[in-house]
Q: 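This is the structure I want to talk about, given as structure tokens.
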Amino acid sequence: MPELPEVETTRRGIAPHVVGRTVTRVIVRQPQLRWPVTAALAQQTTGERIESVDRRGKYILLGTHSGTLILHLGMSGSLRIVPADSTAMKHDHVDIVLNDQHSLRFRDPRRFGALLWTRGNPRHHPLLASLGPEPLDSDFSGAWLHRQSRHRSAPIKSFVMDSRVVAGVGNIYANEALFLAGIHPKRAAGRLSEQRCRKLADSIRWVLSEAIEHGGTTLRDFVNETGSPGYFQQMLHVYGRTGKSCHQCQRGIRLIRLGQRSTFYCPGCQH
DNA sequence: AGTGCGGCCTGTCCGC
DNA sequence: TGCGGACAGGCCGCAC
């Protein structure tokens, strides 16, 4: 479910409710997520005061004095602030109970999400260490994209979805950014000019920022920390629009598979 | 080293 | 209405 804008929307939503609070208890109803949620994690987190809520790619980082709780929402995860005594639903796997009678509740039907505890700098954690630049930071640019893509034969869409190239660009926004940049998703990454790389970097940055401003894209069941949906879906140009007419040229949007992922593009606008 | 695929899960939707 | 199969927003880890 959540791509970077949804994760950022979640981060901003929960931050005011968790920063400064202390974890009084961690309730694990279903430990089998992407990696098992251990008793040690619950023990290490309990008693810690949450000092910061950061994001790196699609990871949410809850910082405390002695370590960091790393959260990933996977495909179907969500976080909500709920009264601590509210009834847990079927897929509410973990509650981080806070000292204000509220809980940060992690729900994840497909269980591709993750909760990990790490001491020391979370950016050095194996899962985060090899992530590329943040797409909204200044070190991500057309020049970077151009340099990284030389002599690479992979389709440009797969390339920008590689988290080592740039962190957090998922399927929806990869499709949308390529449309905005006028680039065919199958084009070999290494064959893009620097100018087109610049256009693509700008498009990635623009589409992610826009989506964050609109509270994320609601597909199926994305909801923010209060349970309300995002409004970016109506802004999509290609994602999920197979056969519908292009907003720019009226031709039919096409669907192909690229690296096992649905890939949408306009045959008139993207080359 | 780079590329492409299988697999982890549940829920939903579509065609028969 | 029921059933099987395909598919879904992510990403690690493996084989080539």
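Letters A, B, ... mirror the listed sequences (proteins, then strands); counts begin at 1.
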Q: Check whether any side-chain heavy atom of A:Gln148 sits under 4.5 Å from a side-chain heavy atom of A:Arg164, and report yes or no.
A: no
Q: If you pin A:Gln260 and A:His72 to their nearest nucleotides in DNA chain C, which one's is more 5'?
A: A:Gln260
Q: Answer with yes or no whether A:Arg111 presents, from its side chain, a donor or acceptor under 3.5 Å of a partner atom in the base of B:dC9.
A: no
Q: Specify whether A:His184 and A:Tyr265 have parallel, tilted or perpendicular ring planes, treating 30° as the upper limit for parallel and 60° as the lower limit for perpendicular.
A: tilted
Q: Using 0.5 Å steps for rounding, measure from the CG atom of A:Leu200 to the CZ atom of A:Phe159.
A: 9.5 Å
Q: Report yes if the side chains of A:Met235 and A:Glu210 come closer than 4.5 Å at any heavy-atom pair, otherwise no.
A: yes
Q: Is a donor on one side and an acceptor on the other found under 3.5 Å between the side chain of A:Gln30 and the backbone of A:Gln32?
A: yes
Q: When you measure from the side-chain N and O atoms of A:His91 to the phosphate of B:dG11, is any distance below 4.0 Å, counting only OP1 and OP2?
A: yes
Q: Is A:Phe112 stacked against the base of B:dC8, taking the criterion as centroid distance under 5.5 angstrom and interplanar angle under 30°?
A: yes
Q: Please state the P separation for the pair C:dC7 and B:dC5 - nearest whole angstrom.
A: 14 Å
Q: Measure from the side-chain heavy atoms of A:Arg152 and tell me the nearest of C:dG10, B:dG11, B:dG2.
A: B:dG2
Q: State whether A:Arg110 places a side-chain N or O below 4.0 Å from either non-bridging phosphate oxygen (OP1 or OP2) of B:dG11.
A: no
Q: So which protein nitrogen or oxygen atoms get under 3.5 Å of nucleotides 12-16 of chain C's nitrogens or oxygens?
A:
{"from": "C:dC12", "atom 1": "OP1", "to": "A:Tyr59", "atom 2": "OH", "distance (Å)": "3.2"}
{"from": "C:dC12", "atom 1": "O4'", "to": "A:Arg34", "atom 2": "NH2", "distance (Å)": "2.9"}

Q: In sequence, state the C-alpha distance, the side-chain angles, and the governing distance for A:Arg29 and A:Asp95, and then conclude on salt bridge (charged side-chain N to carboxylate O under 4.0 Å, His left out).
A: CA-CA 8 Å; A:Arg29 302 184 191 85; A:Asp95 278 8; 2.8 Å; yes
Q: So, OP1 or OP2 of C:dC11: does either fall under 4.0 Å of a side-chain N or O from A:Arg164?
A: no
Q: Please confirm whether the shortest side-chain N or O distance from A:Ser76 to OP1 or OP2 of B:dG11 is below 4.0 Å.
A: no
Q: What does A:Arg107 touch in the nucleic acid at a heavy-atom separation under 4.0 angstrom: a base, only the sugar-phosphate, or nothing?
A: nothing
Q: Whenever both distances are under 3.5 Å in a Watson-Crick or G-U wobble pair, mark it; put DNA chain B into dot-bracket that way, with [ ] for crossing pairs and | when the partner is on another strand.
A: .|||||||.|||||||
Q: Nearest 0.5 Å, what's the CD1-CG distance between A:Ile70 and A:Leu61?
A: 6.0 Å
Q: Are A:Tyr173 and C:dG9 close enough that a side-chain N or O sits under 4.0 Å from OP1 or OP2?
A: no
Q: Once you measure the plane-to-plane angle for A:His93 and A:Phe106, does it fall in the parallel (<30°), tilted (30-60°) or perpendicular (>60°) bin?
A: tilted
